[in-house]
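Numbering of ligands and ligand atoms starts at 1, following listing order. Just so you know, residue 1 is the first one in the sequence shown, and it goes up from there. Model, not experiment: these values are computed from the prediction.
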Amino acid sequence: MTGGASAFEARARSPGRGITVDLPGSARVPLRQLNSHFPLFEASPQNVTNLPIDLSGKRALVAGVADDGGFGWAIAKALASAGASVCVASWPPAMGIFEKLLERGKLDESRTLPDGSMLDFERIYPLDATFDRMDQVPEKIRENKRYTDRGDFTIAGLTARLEEDFGSPSLDIVAHSLANGPEVKNPLLETSREGYLEAVSTSAYSLVGLLRALGPHLRPEASVLSLTYLASEGAVPGYGGGMSSAKAALESDTRTLAWEAGRKWGVRVNTISAGPYASRAASAIGFIGRIIRFYEANTPIERSLDAMDVGHTAAFLSSPLAAGITGSTVYVDNGFHAMGATLNTPAPVEDDEG
Ligand SMILES: NC(=O)c1ccc[n+]([C@@H]2O[C@H](COP(=O)([O-])OP(=O)(O)OC[C@H]3O[C@@H](n4cnc5c(N)ncnc54)[C@H](O)[C@@H]3O)[C@@H](O)[C@H]2O)c1
């Protein structure tokens, strides 16, 4: 509160009459009119207890959306609910099915936002984040039928399309919600050099490549986010193939990129460390059901993690409310990361695919 604020006193009157505020100099105004006296309240003129996440006028790119079952989708929904226009980038092998599901209305229920309106993507771009430029793409991938009609699906191609469609600078929010480790089911000791490097390339370096390419096209005070997992800090049996190494790199890079991109473009860079959630990617690892039950039995807060928990945190971190937060790993895991010991082990089950 600025000048003279401590001199006024708010008093609750009878509920029917609402709250009035005594201003210095003995004027008494209804609380809801306080805005005209104190511009600080402009963001919420009706009710000073309401602190909204307002992303209207902002454009977001969420990279790593190809169905409605993962964190990218939830982030897109939360950003759109807060008023942002949302573009997504999809991995070519999964993009065709995603487009068909959208066209046929199969995702309409999931597209419904809390106010009843529908999540509409401004653009859906192809992106294989393993590649910065087309000359790095092996022949075998270029000629794959899921890639051939997609044009330039590399980070450079995505950047060029954004510039063509919206000019520059045009972006306020970038969410990196993608990962891939071809040998994720292998313990680290049995991971090949190629598998390890591919996990780190696709799941961690892709953030560096994306930020380097998109940085010049970001508007002032932009926010960049990624998704990480606690296996970066402690061993999680079953999360193999170099994926734990990729997440450790991603978190370390978040701090270094926060410094470099902060000074270069004024951009904030954070990562959300999410608890386990049965997305398509996580279910493919093969033990997601077991680890979700383990978390539910041992987290400080006894509740299931919802993808929207991550979506809402992403919206907050992308908003001016988080203007002072950068270089951070923000845990959205019902508090599991805070535990030094656990109480319960889940009962063994046969079906462990989610
Ligand atoms: N689900 C979990 O339990 C969990 C927990 C913590 C962190 N995360 C992280 O959340 C992020 C999103 O994953 P999710 O679990 O929501 O699954 P998801 O399947 O919804 O998202 C992963 C996306 O990555 C895309 N992708 C794969 N390879 C790609 C490439 N080369 N280029 C571009 N896109 C590619 C997939 O098509 C998919 O859309 C990932 O970084 C993941 O590691 C997930």
Exercise for the section: Could you tell me whether Arg150 and Asp128 make a salt bridge, using a distance below 4.0 angstrom between a side-chain N and a carboxylate O? Expected result: no

Problem - Atoms in ligand 1 with a heavy atom of Ala282 nearer than 4.0 Å - result: 1 (N), 2 (C), 3 (O)

Practice task
Using distance alone, determine whether Gly72 and ligand 1 share an N or O pair under 3.5 Å.
Solution key: no

Practice task
Any atoms of ligand 1 less than 4.0 Å from a non-hydrogen atom of Leu227? List them with their elements.
Solution key: 9 (C), 10 (O), 11 (C), 41 (O)

Practice task
Please confirm whether Arg59 makes a cation-pi placement over Phe166, using NZ or CZ under 6.0 Å from the six-membered ring centre and within 45° of the ring normal.
Solution key: yes

Fill in the blank from the handout: shortest atom 7 (C) of ligand 1-to-protein heavy-atom contact is with Thr228 O, 3.0 Å

Problem - For Asp128, the ligand 1 atoms whose distance to one of its heavy atoms is below 4.0 Å - result: 30 (C), 31 (N), 32 (N)

Problem - ligand 1 to Met243 polar contact by distance, N or O atoms, under 3.5 Å - result: no

Practice task
Decide yes or no on side-chain contact (heavy atoms from CB on, under 4.5 Å) for His337 and Ser273, but give the supporting numbers first.
Solution key: CA-CA 9 Å; His337 70 280; Ser273 184; over 6 Å; no

Problem - Contacting atoms of ligand 1, where contact means under 4.0 angstrom from a heavy atom of Ala66 - result: 39 (O)

Handout entry: Atoms in ligand 1 with a heavy atom of Thr202 nearer than 4.0 Å
Key = 30 (C), 31 (N)

Problem - From the candidates Ala274, Gly70, Gly275, Ser203, the one that places a heavy atom nearest atom 20 (O) of ligand 1 - result: Gly70

Practice task
Could you tell me whether ligand 1 has any atom less than 4.0 Å away from a heavy atom of Lys247?
Solution key: yes

Practice task
From the options Leu158, Leu178, Ile75, Asp68, select the one whose nearest heavy atom is closest to atom 25 (C) of ligand 1.
Solution key: Leu178

Practice task
Pick, from Phe71, Trp91, Phe153, Phe131, the option with the minimum heavy-atom distance to atom 37 (O) of ligand 1.
Solution key: Trp91

Handout entry: Which of the ligand 1 atoms, numbered from 1, are nearer than 4.0 Å to a heavy atom of Leu127
Key = 32 (N), 33 (C)

Fill in the blank from the handout: Atoms of ligand 1 under 4.0 Å from any heavy atom of Gly64, numbered from 1 in the order shown, are 21 (O), 23 (C), 39 (O)

Handout entry: Residues Leu225, His176; criterion side-chain contact (heavy atoms from CB on, under 4.5 Å); working and verdict
Key = CA-CA 6 Å; Leu225 281 177; His176 172 289; over 6 Å; no

Problem - Nearest neighbour of atom 12 (C) of ligand 1 from the list Ser177, Ala175, Ala231, on a heavy-atom basis - result: Ser177

Exercise for the section: Mark the output for Gly69 as yes if a heavy-atom distance to ligand 1 is under 4.0 Å, and as no if none is. Expected result: no

Practice task
Return a yes/no value for Ser279: is any of its N or O atoms, backbone included, closer than 3.5 angstrom to an N or O of ligand 1?
Solution key: yes

Problem - Reported CG-to-NZ distance for the pair Leu113 and Lys77, which is rounded to 0.5 angstrom - result: 6.5 Å

Exercise for the section: Look only at interatomic distance and state if Asn180 has a nitrogen or oxygen under 3.5 Å from any nitrogen or oxygen of ligand 1. Expected result: yes

Practice task
Return yes or no for this condition: an N or O of Ala94 is under 3.5 Å from an N or O of ligand 1.
Solution key: no

Handout entry: Proximal ligand 1 atoms for Pro276, defined as those under 4.0 Å from one of its heavy atoms
Key = 3 (O)

Practice task
Check whether any N or O atom of Tyr277, backbone or side chain, sits under 3.5 Å from an N or O atom of ligand 1, and answer yes or no.
Solution key: yes

